Amino acid sequence: MLPYVDLVLFAIHAAIKLGQKMQTVFEDEIRDRAIVLPPLGFGDEELPSPLNTVKFFKEGEGKVFVEKQVKVRSASGGLAKVSENSSLHELWQKYL
């Protein structure tokens with residue numbers, strides 16, 4: 001082959017290797033960087049207490065999220081209980 005063709009191929013391979021190394025370094029820097037989250041904007045006194053949380057999920061509106069069966073209203077207006085395969089129920093049982 002002609003010498004300048006070898007030189008062009010060498011330059012192309014070098015550019016590809018450099019790009020791969022730069023991508024690896026960038027991924028490592030991003031992975032190791034600490035995540036910064038914005039402040040939530042409310043204090044601890046505004047958060048619900050564990051008692052309020054239990055009351056919400058046991059007796060309140062959140063009950064449908066942890067029940068094994070959920071009441072569903074059909075298009076005709078009838079109510080039916082449908083089994084729900086959700087891991088939220090298992091998490092709730094572990095919490096209690």
Side-chain angles (χ1 to χ4, degrees):
M1 258 198 250
L2 298 173
Y4 65 89
V5 175
D6 288 337
L7 183 62
V8 169
L9 288 175
F10 176 76
I12 291 172
H13 286 291
I16 291 172
K17 286 183 181 180
L18 179 63
Q20 290 172 343
K21 291 293 182 183
M22 287 175 55
Q23 182 177 0
T24 303
V25 168
F26 181 70
E27 288 172 354
D28 289 344
E29 285 182 8
I30 294 296
R31 185 190 62 230
D32 296 338
R33 188 178 301 164
I35 186 168
V36 178
L37 299 174
L40 296 175
F42 51 86
D44 289 340
E45 64 278 351
E46 297 178 31
L47 294 174
S49 68
L51 181 62
N52 290 343
T53 305
V54 169
K55 190 182 293 185
F56 175 78
F57 282 113
K58 266 192 160 178
E59 304 161 5
E61 298 170 357
K63 187 175 182 178
V64 296
F65 298 116
V66 294
E67 288 181 331
K68 269 292 193 190
Q69 293 194 343
V70 179
K71 294 179 185 175
V72 177
R73 187 173 299 277
S74 66
S76 62
L79 281 176
K81 283 191 173 184
V82 178
S83 293
E84 180 182 2
N85 290 331
S86 173
S87 61
L88 188 58
H89 178 75
E90 284 79 21
L91 289 172
W92 175 247
Q93 292 304 321
K94 288 179 186 178
Y95 178 75
L96 293 179

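Only a predicted model underlies this, so the values are computations on that prediction, with no experimental measurement involved.
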Could you measure the distance from the CG atom of Asp28 to the CD atom of Gln23? Nearest 0.5 Å is fine.
10.5 Å
Look up atom CD1 in Ile12 and atom CZ in Phe10, then write down how far apart they are to the nearest 0.5 Å.
12.0 Å
Going by salt bridge (charged side-chain N to carboxylate O under 4.0 Å, His left out), name the pairs with one or both residues in residues 16-27, residues two or more places apart or in two chains.
none
Going only through I, L, V, M, F, W and Y residues with side-chain contacts under 4.5 Å, is there a path from Ile30 to Val25?
no
Applying salt bridge (Lys or Arg N to Asp or Glu O under 4.0 Å), name anything that partners Asp32, two or more places apart in sequence or on another chain.
none
Residues which pass side chain to side chain donor-acceptor pair (under 3.5 Å) with Arg33, listed by chain and number, not counting sequence neighbours
none
